[in-house]
Amino acid sequence: MATKPPWFWQREKYTPYLLLLPAVLTLLFVVLVPLLFSFYTSFTGYRLIRPESLWEWVGLRNYRRIFADGDFWSAFGKTIIFLTIALNVEFLLGLGIALLINKITWGQRTLRTIMMFPMMFSPILVGYQFKFVFNDNIGILNNALQSLGLSDGAIPWLVDKYLANFSIIFAEVWMSTSVFAILLLAGLFAMPRDPLEAAKVDGCNPWQVFRHITLPFLMPFVFIAMTIRSLDVARAYDIVDVMTGGGPAGRTELLWTLIARTGYDNARMGQANAMAYISILLSIAFTYYFFTKLLAARQYMGGAE
Amino acid sequence: MTNITFKTLLAATALTGITATTVAAQEIDYGSFADYTLRVKLIGGAQYEPLYARIAEWEAMTGATVDVLSRKNHFELDREIKQDIAAGSLDWCVGSNHTSFAPQYGSIYMDLNGVIAESTLSEFQELALQNSTVEGRLVQLPRHSDISNLYYIKSLYEDADNLSGFKAEYGYDLTPPETWDQVKDQAMFFADAPTFYGTQFVGKDEAITGRFYEMLVANGGALFDEDWNPTFNSAAGVEAVNFFKDLYEAKAVPAGSLNYLWDDTGLGFASGTVALNLDWAGWASFFNDPENSKIAGDIGLVRAPKGSAGIRTGWSGSHTFSITETCDNVDAAASLVTFLTSHDSQMVEATAGLLPTRAAVWDDAKAQFTADGNDFLVEVFETYAISMSEDAFTPPLITPWIEVSNEIWPQLQAAILGEKTPQEALDEAAKAARLVMEDAGYL
């Protein structure tokens with residue numbers, strides 16, 4: 001007697017898909033649906049305080065307004081500069097810290113734990129901490145500079161065009177450099193010893209070993225860290241909002257402080273979502289750039305094709 | 001006790017002529033709501049917290065429990081409420097509100113006429129209730145009011161060197177200022193940055209828009225004409241911006257002023273490094289408390305000065321409580337709101353310097369301060385009573401006010417920092433404000 005063929009979902013080749021289905025459906029529900037919905041709202045005059053405005057189709061009006069809005073493009077440009085400076089400084093400091101800790105033979109675990117402390121603070125707390133450090137009148141930095149005779153004036157750390165951006169970048173770097181340090185330290189731990197010893201035998205000096213062996217080996221880790229951090233930094237909001245609110249006069253306005261003000265304070269969520277979709281292009285561009293660099297680095301090391 | 005009895009008793013309280021001024025809280029029946037949990041969202045902050053200690057008393061009286069879902073500053077609370085509106089999750093009953101914020105919330109809050117007993121409402125100041133009314137609906141019950149007057153360090157005005165030096169430089173006697181021109185002169189005279197400043201101002205958000213707005217009015221200008229066209233880019237507006245700009249350029253105010261909000265200015269004045277400080281009444285006790293303030297016992301107070309049109313600045317508003325339309329137990333909500341704005345509750349707030357909205361509390365608080373020998377708070381209440389009755393005006397009670405404000409303040413900052421001329425900055429703000437008013441259907 002011939003056995004009845006199983007239903008198609010009972011066939012072995014479909015089992016992986018069936019097992020993945022709940023995860024796929026969950027992802028669709030919690031990621032794709034909100035994304036599509038917010039994309040739709042970017043073509044509406046949706047105001048948070050008027051839920052019925054969700055159905056007011058305005059076509060490309062939000063996008064047209066944004067393209068003609070100098071404040072938006074100013075924030076866009078400042079976000080790119082902020083990203084570039086913060087990522088590079090964090091990379092350099094993270095690399096230095098990782099190399100130093102890698103050299104230590106005693107207390108390494110304790111140092112690694114201490115290094116992670118800044119990451120444990122909420123960005124809002126970090127923002128408040130540095131808001132008071134950089135306060136021009138009662139801040140510890142100005143008071144220290146004046147007490148040491150290094151300054152006889154109140155340095156406007158959070159007002160001056162350059163100093164305000166420096167102060168915010170400083171806070172961001174203080175909080176997140178350890179991400180780079182930890183990832184690069186993991187890279188150093190995973191590094192094979194043979195090439196290093198061979199280089200030493202061949203007479204390479206420490207700089208040559210670092211330049212031609214250590215650094216190329218670390219580059220995939222660097223680009224992974226860059227990709228993760230670029231997504232984080234492009235969404236920078238809490239620290240900036242607490243320290244300067246994007247001001248004064250838009251001097252420290254980044255994309256997400258502008259988007260949050262448009263969406264929540266002004267309740268123009270349709271327009272804010274349109275801004276957010278344009279800003280996503282920035283994240284995609286940085287991610288794509290770092291991903292191609294990552295692939296190139298891995299190919300250089302004989303890894304992925 | 002039924003809810004009907006609660007309302008009846010409140011009405012009876014007034015009918016028998018027993019006012020809240022003579023009845024202790026425990027003698028008023030706030031109803032019985034056993035096993036009911038009232039969900040509330042409240043403004044938080046050092047000045048506003050002492051009142052909340054009384055909530056336990058209301059819980060004991062009524063058998064209800066209060067679940068405080070939020071206790072945030074008003075800007076954060078505003079964001080949260082907007083998200084609740086968008087999400088359709090207004091599943092709470094009582095919310096802190098403000099006369100400046102209320103108009104934007106549409107119809108989420110109920111008309112309290114008919115919900116709060118008429119006898120209770122009659123005990124509130126008429127102007128406070130009027131300012132709490134949006135499009136004919138009393139959407140909030142005023143908790144306390146705000147208006148600013150000018151605090152100053154008294155000893156500076158008694159110092160012989162200051163008196164002679166100022167007269168020699170400016171040609172008139174150094175006395176607490178009566179006009180904003182005099183404030184500017186005196187602030188520049190006292191300033192000795194970075195250790196001492198003549199004055200200060202809040203420099204961002206609706207805070208600086210409000211300060212600009214009251215200077216604009218004091219100089220004879222207006223935010224809008226009668227058809228809602230923005231008119232603040234007038235000569236009076238430019239004069240107002242120049243006041244802030246001149247002080248900033250002369251280093252008569254701290255360099256970080258443009259990032260300051262109320263806490264920064266309050267703490268700055270209390271630190272003894274600022275000569276003149278236009279500020280709310282709620283800071284009075286803090287300024288005069290030796291534990292918090294280096295200038296305790298050395299504080300003078302005068303009414304807010306006049307602008308070039310001879311009008312005193314008097315931007316004002318009230319902190320309030322509202323009840324949502326979706327509330328599942330309106331009587332319990334009304335009971336709590338009535339309790340939190342009762343005579344005894346307002347006496348608690350008055351002790352910190354917060355200005356009552358019940359007429360009788362003004363007199364009773366002043367009598368209490370006199371009996372306690374607190375001459376400073378007596379002076380505070382006398383000064384602020386005149387300001388509230390003669391100088392107070394609110395921002396336009398229109399839906400897009402906060403949005404208009406958000407167009408104005410970054411431009412004010414740009415002008416103060418010299419990135420634009422005051423006229424250019426105000427013209428740009430007026431253009432953006434016009435767009436907001438058009439979108440909102442006012443133009």
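Below, chains carry the letters A, B, ... as their sequence lines are ordered, and counting in each starts from 1.
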Take B:Asn277 and B:Gln200 through the test side chain to side chain donor-acceptor pair (under 3.5 Å) and record every step on the way to the result. CA-CA 6 Å; B:Asn277 182 46; B:Gln200 56 184 347; 2.9 Å; yes
Taking side chain as everything from C-beta outward and backbone as N, CA, C, O, which of these in [X] sits under 4.5 Å from a heavy atom of chain A? Side chain, backbone, both or neither.
{"X": "B:Asp205", "answer": "neither"}
{"X": "B:Phe101", "answer": "neither"}
{"X": "B:Phe75", "answer": "neither"}
{"X": "B:Lys82", "answer": "both"}

Is the gap between the ring centers of [X] and [Y] under 6.0 Å?
{"X": "A:Phe121", "Y": "A:Phe117", "answer": "no"}
{"X": "A:Trp73", "Y": "A:Phe67", "answer": "yes"}
{"X": "B:Phe201", "Y": "B:Phe244", "answer": "yes"}

Distance, nearest 0.5 Å, that separates [atom1] of [X] from [atom2] of [Y]:
{"X": "A:Ile124", "Y": "A:Tyr128", "atom1": "CD1", "atom2": "OH", "value": "7.5 Å"}
{"X": "A:Asn142", "Y": "A:Ile140", "atom1": "CG", "atom2": "CD1", "value": "11.0 Å"}
{"X": "A:Phe72", "Y": "A:Ile259", "atom1": "CZ", "atom2": "CD1", "value": "6.0 Å"}
{"X": "B:Asn97", "Y": "B:Thr320", "atom1": "CG", "atom2": "OG1", "value": "4.0 Å"}
{"X": "A:Ile155", "Y": "A:Leu141", "atom1": "CD1", "atom2": "CG", "value": "7.0 Å"}

Do side-chain atoms of A:Trp55 reach the backbone of A:Thr44 as a donor and acceptor pair under 3.5 angstrom?
-> no
Residues 423-443 of chain B vs chain A, non-hydrogen distance cutoff under 4.5 Å, contacting residues -> B:Leu435, B:Val436, B:Asp439
Among residues 414-422 of chain B, those lying within the under-4.5 Å heavy-atom range of chain A are B:Ala414, B:Leu417, B:Glu419
Item to complete: Apply side chain to side chain donor-acceptor pair (under 3.5 Å) to the pair A:Trp256 and A:Asp241, showing each step before the final yes or no.
Response: CA-CA 9 Å; A:Trp256 283 93; A:Asp241 192 52; over 6 Å; no
Portion of [X] that has a non-hydrogen atom of chain B nearer than 4.5 angstrom:
{"X": "A:Phe134", "answer": "neither"}
{"X": "A:Asp160", "answer": "neither"}
{"X": "A:Glu253", "answer": "neither"}

**Asked** In terms of heavy-atom contacts, does CD of B:Glu135 have more than 12 from other residues, nucleotides or ligands at under 6.0 Å?
**Response** no
Task: Over 12 foreign heavy atoms within 6.0 Å of OH, A:Tyr264 - done: no
Max heavy-atom pairs within cutoff under 4.5 Å with chain B, candidates A:Arg47, A:Arg50, A:Arg268, A:Met269, goes to A:Arg268
With chain A, the option among B:Ser257, B:Ala255, B:Pro400, B:Pro254 that has the most non-hydrogen atom pairs under 4.5 Å is B:Ala255
Nearest heavy-atom approach of A:Gly246 to A:Thr252 is C-OG1, 3.0 Å
